[in-house]
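Bear in mind that the values here come from a model prediction, so they are computed numbers and not experimental data.
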Amino acid sequence: MTDTVPRMRPLGLAARMILFLTLALVPIGVVAWFQTTKLQEETRLRTQLSLVALTEAAALAERETVLRAQGGAQALGATLALDLFGADDAQTCSARLASYLEGSPGYSFAGLLTADGRIPCTSTGTALDIADFPRLRELIADPGPAAWLNRSAPVSRRSVIIVAEPFFIDGTLAGHVVLSLPSALLPADSNDTVATPYLDIVTINAKGQILSSRRGVDKAADILPAELDLASLIGARAQSFAARSKDGATRVYAAAPLVPGMITAIGIWSEDNDQAQAITVSGIARALPLLMWAASVIVAFLAVNRLVIRHIKLLSRRMRVFARTRRVPETRRHREMPAELADMEDDFLDMADGILRDEAAQENALREKTILLKEVHHRVKNNLQLISSIMNMQIRGSREPETRLVLQRLQDRIRSLATIHRNLYQTEDLGHVNAGILLEELVQQMTQMAQIAGEPVTVKTELQNIEAVPDQAVPLSLLTAEALTNALKYGAPSGTEGGASVSVRFIGDGARKATLEIANTALPEGSPRDEKPAVEPHGLGTRLIQAFTTQLGGTLVHGHEQDRFVVRVTFQLKTFEYDETTPTQVPNVPDF
């Protein structure tokens, strides 16, 4: 049984060289990658610390301002709470706040917010309604130190940063002291021509809201990280990172806590800044180990390809050309090839010369054997025709009809054999015979002057071109001759067709099975007018048909089918098997 599973094609020499070189250079590449990664990480950490320190130093003024306001609010809360809640004197409280603002320049408003949501005293001397201040209402719901930006304060009439600090009485939260610090007092880079190492210094509160910006709050929103919740930086450790800003550019950010848990400063740096470049590792730096590994593989492969692979491909191409055309290349490439491959080329060329000489000798021997075998078939055919001619002379000289009939039957069999040998010496392939052409010629030869009941007989043929080996062609043609002779001898005119007819069919089923069917018109079986049987059960022709069927390895079926008598033989077509010990022989048949 033939294995139809396709065999996997092995890897070529070039692919294997690349694979082995890759494996050999992997340790070097891994070491280089780890070293590069470690160096990049150390550089990044140093850069982070440097950027955080620079951010803290740049935001020192904001930090001191907020801490001073926070300390002042704590002092006011400690001194005013007892007076306010003990004497319940709002005017005294307001006076103290106004006096504090006069002695502490830089504040624009001060107020006292109680835990129950009242603003009983302010630096302006008037009580305020908390309903007008949404951010103060949030402070009541979530008390604690806080700072926020109010760009249009209703009391100060300008942009201020409001700092709120809680105060306690007997350990219980009593309220918050609120101080307003004008934003104009914070540092600002008003002149864009001044060179600074950073793009901007931005401060944010615990809710991620912007408190201040060196270049303006409106401009700061566009250069802050687009996909980062700024509130997550509050309470986190100092850090540096690269991110894409809202305007689509990639920038480096350094976050440093100014007032832990309350205010954080964010330094914004350009990606091209010398101090910030190590934060964003470039693609070339990341790919450097890979590029080194790839360059090493390519250089090694080019060297191997120039010295080995291209010469092997050339030699393989010459071998394929020799296999297709049987032409040996005339030139040799010893000067370019290494010595080992040059020796291999010499061996191939010597082998090719030897193969051509051997094939030429074999072709000559085969041609001579073919000529001799065809001559044998030709002489056998001539001898059989000579015997047929002698028998024809004997037939003409015989006076007894029975003797003439026997000799004619014998002559038909000899002609069948002669027809086979004529086809054998005329064909190019002596191991196969076109059985369709052979039977066509045989039927025409036997039915040229055929008559049934003194009337011409109609012969119908359906013969497919099926190749058969000589060992089957001989008994097949002899069986056809015998069956056709019986059909012509015992046939009768048909009542339905109005005349006698004989049909010969030879067809295949595609599974190397063939069927030979010879039918003749005959009277129905058991008919009173049927004076003789369609076939003699113990006659020589019947025994020959059975013997030839056995030699074909087939099955024989014969009998009446409606108004026809049919002889049908089905057999398996054989393949040619050459036997060197014995010549081709005519199959054994019973003695005549």
Side-chain angles (χ1 to χ4, degrees), residues 59-85 90-115 117-130 132-169 173-188 203-207 209-212 217 234 258-265:
L60 183 61
E62 286 89 340
R63 181 174 181 272
E64 292 179 350
T65 301
V66 173
L67 289 178
R68 185 169 63 86
Q70 194 175 23
Q74 292 174 354
L76 287 174
T79 57
L80 296 180
L82 294 177
D83 293 339
L84 177 63
F85 289 93
Q91 293 181 355
T92 303
C93 176
S94 298
R96 289 181 180 271
L97 291 177
S99 176
Y100 178 79
L101 291 185
E102 290 177 0
S104 302
Y107 298 107
S108 60
F109 174 79
L112 196 66
L113 172 65
T114 62
R118 295 181 301 108
I119 308 177
C121 65
T122 64
S123 60
T124 59
T126 60
L128 300 177
D129 187 1
I130 193 173
D132 298 332
F133 302 93
R135 187 64 183 83
L136 295 180
R137 293 199 301 270
E138 294 179 6
L139 193 62
I140 295 298
D142 185 16
W148 66 91
L149 174 66
N150 191 341
R151 302 185 66 179
S152 180
V155 178
S156 303
R157 304 295 180 181
R158 52 182 167 173
S159 176
V160 296
I161 295 177
I162 302 173
V163 177
E165 186 68 22
F167 65 93
F168 301 86
I169 298 178
L173 178 67
H176 293 78
V177 176
V178 180
L179 289 179
S180 295
L181 177 68
S183 300
L185 298 179
L186 297 178
T203 58
I204 59 174
N205 61 8
K207 294 182 177 294
Q209 300 169 345
I210 299 176
L211 296 179
S212 65
V217 176
I234 304 298
L258 293 184
V259 180
M262 181 176 172
I263 299 176
T264 294

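Between W148 and A164, the shortest heavy-atom distance links the atoms CZ3-CB, 4.0 Å. The minimum heavy-atom distance linking P187 with A61 is given by the pair CG-CB, 3.2 Å. Of all non-hydrogen atoms in C121 and S94, the two that sit nearest each other are CB-OG, 3.2 Å. Residues V160 and A153 approach most closely at CG2-CB, 3.7 Å, considering heavy atoms. Of all heavy-atom pairs between L211 and I161, the closest is O-CD1, 3.7 Å.
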Just do the side chain to side chain contact (heavy atoms under 4.5 Å, CB included) check on R118 and I130 with the steps written out, would you? CA-CA 6 Å; R118 295 181 301 108; I130 193 173; over 6 Å; no
Under the side chain to side chain contact (heavy atoms under 4.5 Å, CB included) criterion, do I119 and D129 qualify, and how do the steps go? CA-CA 7 Å; I119 308 177; D129 187 1; over 6 Å; no
Verdict with supporting geometry, L149 and S183, side chain to side chain contact (heavy atoms under 4.5 Å, CB included): CA-CA 8 Å; L149 174 66; S183 300; 3.5 Å; yes
Show your reasoning for whether side chain to side chain contact (heavy atoms under 4.5 Å, CB included) applies to M262 and V163. CA-CA 10 Å; M262 181 176 172; V163 177; 4.1 Å; yes
Quick one, S212 with T203, criterion side chain to side chain donor-acceptor pair (under 3.5 Å). Give me CA distance, side-chain angles, the key distance, then yes/no. CA-CA 5 Å; S212 65; T203 58; 2.5 Å; yes
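Annotation: side chain of V177 is not in contact with side chain of Q74 (no heavy-atom distance under 4.5 Å). Side-chain atoms of T114 and P120, non-hydrogen and from C-beta on, do get closer than 4.5 Å to each other. Looking only at side-chain heavy atoms (C-beta outward), T92 and R96 come within less than 4.5 Å of each other. Inter-residue side-chain proximity for F167 and L173 is flagged as unmet; no heavy-atom pair is nearer than 4.5 Å. When side chains are defined from C-beta on, L139 counts as touching L113, because their heavy atoms get closer than 4.5 Å. Taking the side chain as every heavy atom from C-beta outward, L76 and L97 approach each other to under 4.5 Å. Considering only heavy atoms from C-beta on, F109 stays 4.5 Å or farther from L179 through its side chain. Side chains of S108 and L181 form no contact here, defined as non-hydrogen atoms less than 4.5 Å apart.
With hydrogens and angles ignored, the 3.5 Å screen pairs no side-chain donor or acceptor of S99 with any backbone N or O of A95. A distance-only check finds no donor-acceptor pair linking the side chain of R151 to the backbone of S159 [under 3.5 Å]. Remark: the backbone N or O of A110 is paired with a side-chain donor or acceptor of S123 at under 3.5 angstrom. In terms of modelled atom types and a separation under 3.5 Å, the side chain of H176 and the main chain of G144 share a donor-acceptor contact. A donor-acceptor pair is defined here as one N or O able to donate and one able to accept, closer than 3.5 Å; no such pair exists between the side chain of N205 and the backbone of I263.
N150 CG to R135 CZ: the interatomic distance, rounded to the nearest 0.5 Å, is 11.0 Å. Taking CZ of R157 as the start and OG of S152 as the end, the distance is 8.0 Å to the nearest 0.5 Å.
Other residues, nucleotides and ligands contribute over 12 non-hydrogen atoms within 6.0 Å of the CZ atom of R68.
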